[in-house]
Amino acid sequence: MELSKNFEPQSIENKWYHHWLEKQYFSSLPDDREPYTIVMPPPNVTGVLHMGHCLNNTIQDILIRRARMSGKNACWVPGTDHASIATEAKVVGMLREKGIAKSSLTREEFLKYAWEWKEKYGGIILQQLKKLGCSLDWNRTSFTMDKDYYASVIKVFVDLYEKGLIYRGKRMVNWDPVGLTALSDEEVIFKEIDSKLYYVNYKSADDSSLSITVATTRPETILGDVAICVNPSDERYKNIIGKEVIVPIINRRIPVISDDYVDATFGTGALKITPAHDKNDHLIGTKYKLKIIDTLDEKGSFTDIDLKDDQPSSQVLSYVGMDRFALRKKIAEDISTIGQLEKTESYKGQVGTSERTGAVIESRLSLQWFLNMEGFMKKNPDTLHSVMNDTIQFHPSKTKNTYSHWLENIKDWCISRQLWWGQQIPAWYDKEGNFVVAENEEKAKVAYAQKYSDSNPTLQQDEDCLDTWFSSWLWPIEVFKGISHPGNKEIDYYYPTTTLVTGQDIIFFWVARMIMAGYEYKGSVPFKDVYFTGMVRDKLGRKMSKQLGNSPDLLALIDQYGADATRFGIMIASPAGNDILFDESSLEQGRNFNNKIWNALKLVKMWEGRQDETAIENQFALDWFENRLREVSIEVDNLMQQFRISEALKTIYSLIWDDFCSWYLEWVKPGFEQPISKSVYEKTIHYFTELLQLLHPFMPFITEEVYHLLSERTDDICNRQQQPVAPAEEEMLRNGQLLKNVITGIRDIRNKQQIKPKETIELFIQTEEKAIYKKIETILAKQTNTEKLSYTEENVASAITSVIGKDKLYIIAKQPVNSDNQIAELQKELDYFKGFLLSVDKKLSNEKFVQNAKPEIIALERKKKSDAEAKIKAIEESLSLLK
RNA sequence: GGGAGCAUAGCUCAGUUGGUUUAGAGCAUCUGCCUUACAAGCAGAGGGUCCGCGGUUCGAGCCCGUGUGCUCCCA
């Protein structure tokens, strides 16, 4: 069989993925094994694969594949989120392109379009995950608007309402004037924006000698002003507190009041109070029972609806329908015209924007549904405790702080959205606005009849739907139908799930709320470990964004480098808990690693037909690698248990590239067209197989391919079970290290003395541990191109000297020795060790150190001292020979 | 404005209750090799005031304080 020059991923990836699916390796059903369960964070149903998905799904796949290979019943559940705002915005956009306005459609018509869109584009992202090699149990694919899932969300709403934890109320909410919906606090992104501070003068109503100037960033809300507020201790305004001033343009009389809330150092120290348009103003308004005058409609345009009492002038009426930003300029101009705009200053301020539409958020009073968080947390205090006491372990642990800080300052959760795409709120209203909450209309009628003694009411369901996160917080429970069909076999087996892998950005949106739902509906944690990935940035540390165009096309990368190299590239650069700086060069490194493995395969395959019972054994190499393999397997286990995945991959990478390819294979490699010992060959196949198994979770495709090419197989590596590993023997590892050091030392000398690789040398070894050298001398001679190797008890004249540990090596080459070079090298080494000895001596001669330090530390320092002295002695002897 | 985190080689990061050779790795760099698995490779090397200052300690990259710079979260 002819193997290609380099590894060609494109030709094998589909083949193996289909094979794995055919064998149903990824399907899981409850059995008597221990479960290892991961629920995938459901991406938006209309989303496409980006670097963030690539990172966290690769991590999940690594975890789940390792679990599958270690005797666990591995179950990884895929699915998508209906993502109400994002999806609805896309559908509205699509309809607009077709010339259809959402407002011209009924709810039913709109939802028909939305479902069509979902069927057409939904789940593309799940297909893309197959390309990446993700071993998901596709039979379990879930969607947050599946029939049962929908029912479970409604059930939970009704349940929480009946428990008194959900209420409806008129509150200041974050209003998105573009999306036309309320948002939860978490969906508001604060941005620094350049704006202006307008200094507006308000004249006193009754005393023409008095006036007060207010600094505001929002003159467009001025017609909604109901008071001016100053700090009671502010000397400047003592004489105006309690008096009335006139709001410009609208000419409304409003009081000047005082409250500690006002910061006397900001602006002029006087604040205009507009309770309809600012959260803090609203609080003050409530405190002083001020009127609420709303001057902006749902789209953020001016409305005179609350201005009837003011008998608005034609000037005021001319503002009607004007957008808030145009209105800001217009009102500023008009105030300036009447001479009451004192000045403007540029100002950098924080402005809330919508996470989804980017629109500047308005604070707006409206009737919404809320979840009472204080009540909820009182009922489920373990939501906080389980994380703080590590019942749920957060990785990295610093995220615990963020979590507790949020929970301790938690506000009520606004769960209603003015959207159609989502679970429609199960509340039914009569004409007067009286309502009942029930799972369906039928039950609502019964409930209404009981409550209002009307057996045949005309009821209408709430138009709004629920926040997407109000459905995804049930994800780890409802993917196993734990709410719609409680107590079923699956939920009992798979829940709590094992590990959650997700981004730090949704710790509040999702992680915290899943823990809340876990306690409320299952009485336990939803998962045992949470691994938070960082954000994927470009190599300059910038966020990936469409505007910057720095977001790579993942599928193109997979096509170019292969899925394994892509997985390798993103994982190797991904330190636990930190942001990752993505650079395509790490994918190249992954591709090169593929080739390295491929070429090792080619080498080993060349030996297949050259096995010979009589060829020389190379027991040292076999024993050493056996032990090295054990050592690394155990190390990788430890690293993986601590979720140090990137380090585990680095460790395996180095084991394969350095230990296996650069050392072991070279040590056992027979000469050109020479036979190889049958047992060495078989051991080599065995080690190679073990390496592939270790690497498989990280790079599934190439490992499966090479596994099958290496030898006739009846099984697949995908499902090969890890055998227990015995601890490594320290002595073998030490001897292997000595051999490496000696070889490297001699090669270094060859390099520095410019002895050509092809030129042979003669080597004398002066050592007290001849027995060890005897075991490694064959490999040593081969690897250093030594023609004649012998042992000596004394110095060898006119040789190049190297000191390895306490041993001295004398090298005789055919060409003359450059002794100046030699002396300089040795002198440099001598200086280092002398300095080192000095620092050790200083410690040992310090009485307090000897008194206080632990005995093993002192013993170690003594050993350092004697080692250094021996080394210095050896170097000095060599130097004296040269001089 | 409130909170959290970070600062170690050119870059990205390790560095485990303070002592394991006056700090390690990968990538990049430099030198030498077209050695019959691999030049997308092989062999070797160089490179660091562990952000500044102060403290605790026999001993600090690690602990404490402080300053500076950066990042994130919240309002």
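Naming: A, B, ... by sequence-line order, numbering from 1 per chain. Keep in mind it's a predicted model, so treat the numbers as computed, not measured.
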Measure from the side chain of [X], starting at C-beta and using heavy atoms only, and say which of [options] lies closest.
X	options	answer
K650(A)	G44(B), C13(B), C58(B)	C13(B)
K828(A)	A23(B), G46(B), A37(B)	G46(B)
C661(A)	U22(B), A37(B), A43(B)	A37(B)
K758(A)	U35(B), A37(B), C27(B)	U35(B)
K864(A)	U20(B), G44(B), A37(B)	U20(B)

Can a salt bridge be assigned to the pair [X] and [Y] using a cut-off of 4.0 Å between side-chain N and carboxylate O?
X	Y	value
E825(A)	K828(A)	no
E876(A)	K834(A)	yes
E869(A)	K865(A)	yes

### Query
Does C6(B) have a Watson-Crick or wobble mate here (both distances under 3.5 Å), and if so which one?
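The answer is G69(B), by the H-bond criterion.
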If we call it a pair only when both distances are under 3.5 Å in a Watson-Crick or G-U wobble match, what pairs with U21(B)?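 Answer to the pairing question: none, since U21(B) forms no Watson-Crick or G-U pair.
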Taking any heavy-atom pair under 4.0 Å as a contact, classify [X]: base, sugar-phosphate, or nothing.
X	result
M535(A)	nothing
N6(A)	base
L860(A)	sugar-phosphate

* Asked: Contacts to RNA chain B from residues 581-588 of chain A, heavy-atom cutoff under 4.0 Å, which residues?
  ->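 Going residue by residue through residues 581-588 of chain A, the ones with a heavy atom under 4.0 Å of RNA chain B turn out to be L581(A).
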Where each residue is assigned the nucleotide of RNA chain B containing its nearest heavy atom, which of K756(A) and N595(A) is assigned the position nearer the 5′ end?
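It is K756(A), whose closest nucleotide lies nearer the 5' terminus.
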ask   = If you pin A573(A) and F833(A) to their nearest nucleotides in RNA chain B, which one's is more 5'?
value =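 It is A573(A) whose nearest nucleotide is closer to the 5' end.
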(Q) Below 30° counts as parallel, above 60° as perpendicular, anything between as tilted: where do the rings of Y664(A) and Y687(A) land? (A)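 Ring orientation, 0 to 90° scale: perpendicular.
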Hey, does [Y] have a side-chain heavy atom less than 4.5 Å from the side chain of [X]?
X	Y	answer
L691(A)	I597(A)	no
Y561(A)	F568(A)	no
W598(A)	L709(A)	yes

Checklist entry - Would you say C42(B) has OP1 or OP2 under 4.0 Å from some side-chain N or O of W657(A)? => result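 Yes, within the criterion.
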G15(B), OP1 or OP2 - any side-chain N/O from R644(A) closer than 4.0 Å?
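Yes.
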(Q) One pair to check against salt bridge (charged side-chain N to carboxylate O under 4.0 Å, His left out): K669(A) and E666(A). What are the steps and the verdict? (A) CA-CA 5 Å; K669(A) 188 176 177 178; E666(A) 294 296 335; 3.5 Å; yes
Its contact letters, B for base, S for sugar-phosphate only and - for none at protein heavy atoms under 4.0 Å, make nucleotides 1-6 of chain B read --SSS-
